[in-house]
Q: 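Let me give you the structure first, and then I'll get to my questions.
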Amino acid sequence: MNQVLAFSTVDVVPERGAVLAQLGIPPGAPLAERIEGLVTAAAALFVEHVAPAGILAEIPRETFASVYRGEGLNAPASPVETIAERAEHLALFAVTLGQGIGDALDRLFAAEDFALAYTLDAMASVAADGAAELAEQRYETILRGRGWATPDGAALRYSPGYCGWDVTGQRTLFASLEPGRIGLTLTDSCLMRPLKSVSGVLIAGPRTIHRFPPSYDFCDRCETRTCRDRLVALFTGARA
Amino acid sequence: MPVLTELADAVILGDPARVGALTRQQIQAGVPPKTILDDGLIAGMTVVGDRFRVHEIFLPDVLLAAKAMYAGMDELRPLLVRDGVPSIGTVVIGSVRGDLHDIGKNLVGIMLKGAGFDVIDLGHDVPPEKMVQTAQEQGAAVIGMSALLTTTMPAMGEVVELLRARNLSGTVKTVVGGAPVSAEFAREIGADAYGFDAGNAVDVVKDLVGRR
């Protein structure tokens, strides 16, 4: 299975609370009218400029091992390889919000409309993550349609640049996935363009395979800890 | 309420039209431009920075205030140049070679300007040579570098090395920041400082130029 995923604008419009959190505004904080206005204006720009797309390609475990190995710069041990070894199904994926959002951001900054630019950037960051989550759900749906019957099965994403998978892994991932079909390119420094994009591997199997303790060397230096949030969501039912 | 206090309040509220009008009013009243800058615009931004640090307000509020301050600066800048009023320092900033991420670097630039620095923003994907050359030509006190990728972080070390090779390490200080960057990494490459976020970067740069 190797297919382009169609997303509508509505699919990727992020929840207001998530955008506020991305802006550093805690839940329940009193919000000035001017900030409400910013969020509304950013949402209008987001809808105007977003052009979401995705791509999904299943990959055998052995081939993924080669993609993962990349240029040999991964951490000596990482949860990704351990989890992949226990996977029932694997797929490479990439999602993007398109170049229009990036161009809109450039224009806002050039016009010194910093607050609106920053708000739109936050919205797009949340939306890009949301699109990656949609790819997870689409993959699960595809697998179930094919008779995947693992009762507590779930597909979670892992990306180069996180959890011990060196960012140079993008090169082998791109060579295998060929996401140019949805307008994605990779720079020499392994940066995806458009910037608001996510790529990686979807690892499907019983939920328990995704459990790992944050005790790897790189965990101490990790600033994001989003893996923990996603694990919590997986096991608390916050994620369907 | 004294007009300069009103001006500071207009900055705090992020009202560019009022900041512009009050600044013009003060200029016409003969208030020295440096006084308007220090006691009106920077005073307002200092309050904004303090409230942000204690989470009373949030980053969008800071950015609205910065935009308002710029409206006042647009009025004052020619007069400050005419009077030969020096800024508290010039800072060259940029995302390092290979890195196209702008947002963090932009925030640092906005907040440095709000604190009264002259900022030369070289944008993204900036080669080390360009950073050093610009700092030298513009008499910058500090080079601020941002990276969001582990693959681009080594370029920060190249800038530090270039400064050292040209005997500029004593006059041009370096500060680094960005998601994968740490204080430990800053020490490893010999950078003078590490800023963990935009607000902290301003404090760090003030320390580097002895203004705190």
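Excluded from the calculations below are hydrogen atoms, water molecules and symmetry mates; all remaining heavy atoms, backbone and side chain alike, are included. By convention in this document, chain letters (A, B, ...) are assigned in the order of the sequence lines, proteins followed by strands, and residues within each chain are numbered from 1.
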Q: Below 4.5 Å from any heavy atom of chain B, which atoms of A:L195 appear? Answer side chain, backbone, both or neither.
A: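 Only the side chain of A:L195 comes within 4.5 Å of chain B.
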Q: To the nearest 0.5 Å, what is the distance between CD1 on A:I35 and CG on B:D61?
A: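 Those atoms lie 4.0 Å apart.
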Q: Chain B heavy atoms under 4.5 Å from A:A42: which part of the residue, side chain, backbone, both or neither?
A: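 Contact with chain B involves no heavy atom of A:A42 at all.
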Q: Go through B:L100, B:T152, B:T150 and name the one with the most non-hydrogen pairs under 4.5 angstrom from chain A.
A: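 Of the options given, most contacts go to B:L100.
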Q: Would you say A:E112 and B:I110 make side-chain contact, with heavy atoms under 4.5 Å?
A: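 A side-chain contact is absent here, since even the closest heavy-atom pair is not under 4.5 Å.
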Q: Closest heavy-atom contact between A:A115 and B:P60?
A: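 For A:A115 and B:P60, the tightest heavy-atom pair comes out as CB-O, 3.8 Å.
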Q: Could you tell me which portion of B:L107 (side chain, backbone, both or neither) has an atom closer than 4.5 angstrom to a non-hydrogen atom of chain A?
A: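 Just its side chain gets close to chain A.
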Q: Measuring from atom CE of B:M153 to atom OG of A:S189, what distance do you get when rounded to the nearest 0.5 angstrom?
A: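 Going from CE on B:M153 over to OG on A:S189, the span is 13.5 Å.
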Q: Quick one: are B:I103 and A:F109 in side-chain contact, heavy atoms under 4.5 Å?
A: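 Side-chain contact under 4.5 Å: yes.
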Q: I want to check something: taking the side chain as every heavy atom from C-beta on, are A:L38 and B:L63 in contact at a cut-off of under 4.5 Å?
A: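 No. Closest side-chain heavy atoms not under 4.5 Å.
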Q: Do side-chain atoms of B:T151 reach the backbone of A:C190 as a donor and acceptor pair under 3.5 angstrom?
A: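 Flag not set: sc B:T151 to bb A:C190 has no pair under 3.5 Å.
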Q: Let's test your reading of the structure: which of A:D121, A:T119, A:T187 forms the most heavy-atom pairs below 4.5 Å with chain B?
A: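 Highest number of heavy-atom pairs under 4.5 Å: A:D121.
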Q: May I ask you to test the A:L23-B:L59 pair for a side-chain heavy-atom distance under 4.5 Å?
A: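 A side-chain contact is absent here, since even the closest heavy-atom pair is not under 4.5 Å.
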Q: Please flag which part of B:D125 lies under 4.5 Å from any non-hydrogen atom of chain A: side chain, backbone, both or neither.
A: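 Neither part.
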Q: Please name the pair of heavy atoms, one in A:R34 and one in B:I12, separated by the smallest distance, quoted to 0.1 Å.
A: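 So the minimum-distance heavy-atom pair works out to NH1-O, 3.7 Å.
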Q: Is B:L64 close to chain A through its backbone or its side chain, or both, or neither, when contacts mean heavy atoms under 4.5 Å?
A: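 Both backbone and side chain.
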Q: Is it true that A:Y118 and B:F58 have ring centroids separated by less than 6.0 Å?
A: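 Not close enough - the centres of the two rings lie 6.0 Å or further apart.
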Q: Give, for atom CG of A:L116 and atom NZ of B:K67, the distance between the pair rounded to the nearest 0.5 Å.
A: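 Rounded to the nearest 0.5 Å, the CG-NZ separation comes out at 10.0 Å.
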Q: Report which part of A:A122 has an atom under 4.5 Å of a heavy atom belonging to chain B: side chain, backbone, both, or neither.
A: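 Nothing of A:A122, per the 4.5 Å heavy-atom cut-off to chain B.
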Q: Between A:D188 and chain B, which part of the residue has a heavy atom less than 4.5 Å away: side chain, backbone, both or neither?
A: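 The answer is neither part of A:D188.
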